Number of protein chains: 2
Amino acid sequence: MTAKITPSRNITMVELARLAKVDVSTVSRALNDSPLVKPDTKKHILKIAAETGYAVNASARNLRKQSSGAIGIVIPMRPDSGQTISDPFYLEMVGAVSHAASKHGYDLIISVPTGENEIAERRLLQTGRADGLIVIGQAGRSERLNALGIMRDKVVVWGGHTGQQKYTLVGSNNLEGGRLAGEHLLSIGRKRILFLGDIDLPEVALRYDGLKQAHLDAGTRHDSKLVLDLDFGGRRAFDALQDLIVDGVTFDAVFGASDVLAMAAIHALQAKGLMVPGDVSVVGYDNIGQSSVSTPALTTIDQNIAMGGERMVELLLRKLDGKKVKSEMMPTRLIVRQSCGG
Amino acid sequence: MTAKITPSRNITMVELARLAKVDVSTVSRALNDSPLVKPDTKKHILKIAAETGYAVNASARNLRKQSSGAIGIVIPMRPDSGQTISDPFYLEMVGAVSHAASKHGYDLIISVPTGENEIAERRLLQTGRADGLIVIGQAGRSERLNALGIMRDKVVVWGGHTGQQKYTLVGSNNLEGGRLAGEHLLSIGRKRILFLGDIDLPEVALRYDGLKQAHLDAGTRHDSKLVLDLDFGGRRAFDALQDLIVDGVTFDAVFGASDVLAMAAIHALQAKGLMVPGDVSVVGYDNIGQSSVSTPALTTIDQNIAMGGERMVELLLRKLDGKKVKSEMMPTRLIVRQSCGG
DNA sequence: GTTAAAAATACAATCGATTGTGATCCTACA
DNA sequence: TGTAGGATCACAATCGATTGTATTTTTAAC
């Protein structure tokens with residue numbers, strides 16, 4: 001582990017060329033492993049490069065190659081507070097995308113649009129800082145995404161497949177996920193399932209559709225009054241659900257559109273003296289790390305975040321390569337834990 | 001909301017100059033609001049720039065200016081699994097840093113070092129992709145950080161102040177935070193406080209030191225057997241704590257080095273039939289969003305993540321500007337919620 | 001109405017790499 | 001030994017901006 005002493009100033013390619021007694025063009029080709037340079041020379045140059053700790057200047061390279069070697073990831077913010085949504089789902093997604101990006105030699109630029117610079121995403125592309133964009137979630141921006149116009153071939157979005165989108169979409173099979181959750185709750189004898197989530201979001205709407213589908217499959221219908229329209233934030237869910245209980249709305253199960261919502265629901269129920277899963281069964285969505293250590297452990301729908309992040313990067317790079325790609329759905333599966341009883 | 005149609009190819013500065021019938025140098029100065037160009041001309045150029053949707057090419061600009069306009073943020077991974085640590089703390093920190101960075105006109109490049117490319121951080125700096133680095137957490141890398149050598153003046157680290165670090169450090173006052181937690185638990189009559197966390201991490205060690213200090217202040221001593229050495233992951237805490245209970249270790253309070261740990265502890269206790277706060281009081285650390293909606297709501301130490309992120313960016317930019325800066329501590333405060341009883 | 005000074009603009013070098021093309025070297029074959 | 005042709009390498013243009021300096025235009029003062 002003899003860490004090379006970093007020279008005070010970064011060495012440039014002409015200096016490297018001078019040291020190796022060759023032209024810069026040869027150095028460039030050697031570093032890029034071109035067949036145009038003799039193996040011996042190549043070795044010689046690489047050795048000197050290693051000794052001097054040479055690293056190619058990204059700006060120069062990008063300028064010449066007309067690409068940035070970076071992709072941008074856009075994660076949403078809570079519109080009101082200006083705070084990042086603290087749902088661990090996003091962090092896991094960022095981690096997955098970051099991992100995939102670096103595997104392909106790309107950097108990841110994170111962009112959290114605030115109210116003023118809503119076009120930060122566009123700027124990333126237009127200034128050439130990022131070659132492409134990955135947008136997590138369609139929150140309040142589905143139409144904006146459709147309006148991306150010419151940029152469409154540089155963007156991949158994570159969200160729900162409604163069939164209306166003009167952009168490339170990757171997401172879990174939300175309909176199936178919702179159906180699985182509903183099917184499970186109905187199969188253990190639950191009859192009145194409260195749905196928690198922001199129906200305006202395509203991915204959430206699909207999960208709800210899946211829940212309704214499960215009812216139809218079982219020969220029943222979901223009571224449309226059993227929908228608590230909420231954003232993803234756990235705090236509001238916690239309060240709203242307690243209000244609902246006070247109002248006397250009755251239900252024997254809760255299906256949360258995210259694990260964070262479901263966990264908030266569990267706590268709200270417990271705070272009101274209801275037993276989970278004794279009185280009420282609860283199912284979440286995402287399978288975030290914490291869902292397995294809640295009390296009771298949360299039954300949830302796994303949407304394979306790692307695979308999703310990976311696929312988004314792959315599809316984006318293919319698009320950037322000029323290839324046509326199609327939207328994709330990640331498989332979902334039901335993870336049964338204690339929060340449902342049965 | 002008349003979104004400008006983006007031209008198929010991005011327009012360049014010479015084309016803009018041609019359109020405005022001036023030299024590129026004048027365009028450049030106009031866009032940078034130089035006093036060398038007449039206000040009228042400036043307005044004229046800016047108008048055309050807006051019409052054409054011109055955006056300055058980042059690579060060219062950075063090449064010329066010898067800076068990238070970006071800072072890198074390094075967040076740790078679980079060394080074993082290769083998975084991102086799913087502690088919401090990191091996401092909130094990324095959000096805060098991202099916000100501060102964009103406020104200063106900087107992009108944020110996220111880097112999640114994996115086993116192989118541990119030097120990804122260095123690469124970011126050496127290739128000029130990032131002007132500086134923000135490293136979140138000292139996990140297993142304190143010595144590596146000290147070894148950064150010449151890069152030290154381009155790095156700011158979030159972590160605990162042990163007095164040994166050679167790098168610029170920002171962090172909450174961990175000692176005081178730990179003391180506050182201990183003081184509170186002792187003040188409500190708790191005697192045997194179990195500490196949860198990875199003592200190898202400077203920030204965690206300091207929190208533990210604070211806990212011991214609180215005992216001394218109260219005229220008692222902390223039983224050193226009441227330390228459960230854990231990494232930040234909640235899953236392991238959940239299991240280990242249950243094992244501890246089975247082993248018959250007795251305690252009447254838990255102080256977790258993070259909210260995630262504390263919440264896992266609550267669930268482990270409940271799973272073993274212990275009441276929180278009836279039998280055991282619990283205090284966490286971080287004040288993440290979810291801590292207010294757990295059952296019972298978590299008493300915790302707030303470390304003002306937003307301010308911390310902001311300060312790190314400010315200090316880093318100051319360093320990049322050649323100025324000397326000193327490490328800083330963010331104030332901490334106790335947030336009392338139900339998990340302690342009393 | 002000159003002219004000196006100030007203001008505004010144009011010219012040209014430069015940042016550090018990549019890459020098409022031209023120059024040189026070497027091998028092999030006649 | 002001469003030379004065709006491939007293997008290497010050097011030369012030079014280029015990517016798109018910034019900035020020091022030269023040049024032109026305008027202003028102001030006499």
Side-chain angles (χ1 to χ4, degrees), chain A residues 7 9-46 48-49 52-70 105 123-131, chain B residues 7 9-46 48-49 52-70 105 107 123 125-131:
Chain A
R9 200 178 55 80
N10 281 346
I11 187 180
T12 170
M13 199 149 155
V14 281
E15 309 181 74
L16 219 182
R18 203 170 6 245
L19 288 175
K21 299 189 197 309
V22 292
D23 188 81
V24 285
S25 59
T26 304
V27 174
S28 173
R29 289 193 235 267
L31 294 177
N32 289 296
D33 201 26
S34 155
L36 287 183
V37 28
K38 180 154 64 169
D40 283 353
T41 338
K42 206 176 284 186
K43 222 169 290 174
H44 178 222
I45 293 175
L46 288 178
I48 299 188
T52 54
Y54 171 80
V56 47
N57 179 293
S59 299
R61 170 179 240 270
N62 295 339
L63 172 59
R64 183 57 226 249
K65 303 202 77 166
Q66 299 282 69
S67 83
S68 68
R123 212 183 52 81
L124 273 182
L125 288 182
Q126 292 188 328
T127 61
R129 282 178 184 282
D131 296 335
Chain B
R9 202 177 54 80
N10 281 346
I11 188 180
T12 170
M13 198 147 150
V14 280
E15 310 183 72
L16 220 182
R18 202 171 5 246
L19 287 175
K21 301 188 194 309
V22 291
D23 189 82
V24 287
S25 60
T26 304
V27 174
S28 173
R29 290 196 235 267
L31 293 176
N32 289 295
D33 202 25
S34 155
L36 286 183
V37 28
K38 179 154 65 170
D40 283 353
T41 341
K42 206 176 284 184
K43 223 169 289 174
H44 178 223
I45 294 175
L46 288 178
I48 299 188
T52 55
Y54 171 81
V56 48
N57 180 295
S59 299
R61 170 180 239 270
N62 296 339
L63 172 59
R64 184 57 227 251
K65 301 200 78 165
Q66 298 283 70
S67 84
S68 68
D107 282 327
R123 212 183 52 81
L125 288 182
Q126 291 187 328
T127 61
R129 281 176 187 283
D131 296 335

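These numbers were taken from a predicted model, which means no experiment stands behind them.
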Roughly what angle, to 10°, lies between the helix axis at the start of the helix from C/dG1-D/dC30 to C/dA30-D/dT1 and the one at its end, five pairs per end? 50°
Between D/dT19 atom P and B/L31 atom CG, what is the distance in whole Å? 13 Å
With a 4.5 Å cut-off on side-chain heavy atoms, are B/R29 and B/V22 touching? no
Using a 4.0 Å heavy-atom cut-off, does B/N32 contact any base of the nucleic acid, only the sugar-phosphate backbone, or nothing at all? sugar-phosphate
With sequence neighbours left out, write down each residue that passes side chain to side chain contact (heavy atoms under 4.5 Å, CB included) with B/A58, or none if nothing qualifies. A/T127, A/R129, B/N62
Measure the CG-CD1 distance between B/L16 and B/I11 for me, rounded to the nearest 0.5 Å. 4.5 Å
Below 3.5 Å between N/O atoms, which protein atoms pair up with nucleotides 8-14 of chain C? Just atom names and distances, please.
residue, atom, partner, partner atom, Å
C/dT9, OP1, B/T41, OG1, 2.7
C/dT9, OP2, B/K38, N, 3.0
C/dT9, OP2, B/T41, OG1, 3.1
C/dA10, OP2, B/D23, N, 2.7
C/dA10, OP2, B/T26, OG1, 3.1
C/dA10, N7, B/S25, OG, 3.3
C/dA10, N6, B/R29, NH2, 2.7
C/dC11, N4, B/S25, OG, 3.0
C/dT14, O2, B/R64, NH1, 2.8

In whole Å, I'd like the distance from the CD atom of A/Q66 to the C1' atom of D/dA17. 12 Å
With sequence neighbours left out, the residues meeting side chain to side chain donor-acceptor pair (under 3.5 Å) with A/S59 are none
Verify the contact: side-chain N or O of B/Y54 to OP1 or OP2 of D/dG16, cut-off strictly under 4.0 Å; return yes or no. no
To the nearest angstrom, how far is A/I45 atom CD1 from D/dT8 atom C1'? 11 Å
Please set out all donor-acceptor pairs under 3.5 angstrom arising from side-chain atoms of residues 35-46 of chain A, sequence neighbours excluded.
residue, atom, partner, partner atom, Å
A/T41, OG1, A/K38, O, 3.3
A/K42, NZ, A/D33, OD1, 3.1
A/K42, NZ, A/S34, O, 2.9

Please identify each residue that fulfils side chain to side chain contact (heavy atoms under 4.5 Å, CB included) with B/S28, with sequence neighbours left out. B/M13, B/N32
Let me know the distance between CG of A/N57 and C1' of C/dT18, rounded to the nearest Å. 13 Å
A/H44 NE2 to D/dT8 P, straight-line distance once rounded to whole Å: 17 Å
Using the test side chain to side chain donor-acceptor pair (under 3.5 Å), find all partners of B/T26 that sit at least two apart in sequence or belong to another chain. none
Whole angstrom is fine here: how far is it from CG in B/L16 over to C1' in D/dG16? 12 Å
Between A/T12 and C/dA17, is there a side-chain N or O to OP1/OP2 distance below 4.0 Å? yes
Listed once per pair and sorted, the salt bridge (charged side-chain N to carboxylate O under 4.0 Å, His left out) pairs that draw on residues 57-68 of chain B, sequence neighbours left out: none
Rounded to whole angstrom units, what separation is found between the CZ atom of B/R18 and the P atom of D/dA17? 12 Å
Does some side-chain heavy atom of A/Y54 sit less than 4.5 Å from a side-chain heavy atom of A/V27? no
Report the distance from atom CD of B/E15 to atom P of D/dG16, rounded to the nearest whole Å. 8 Å
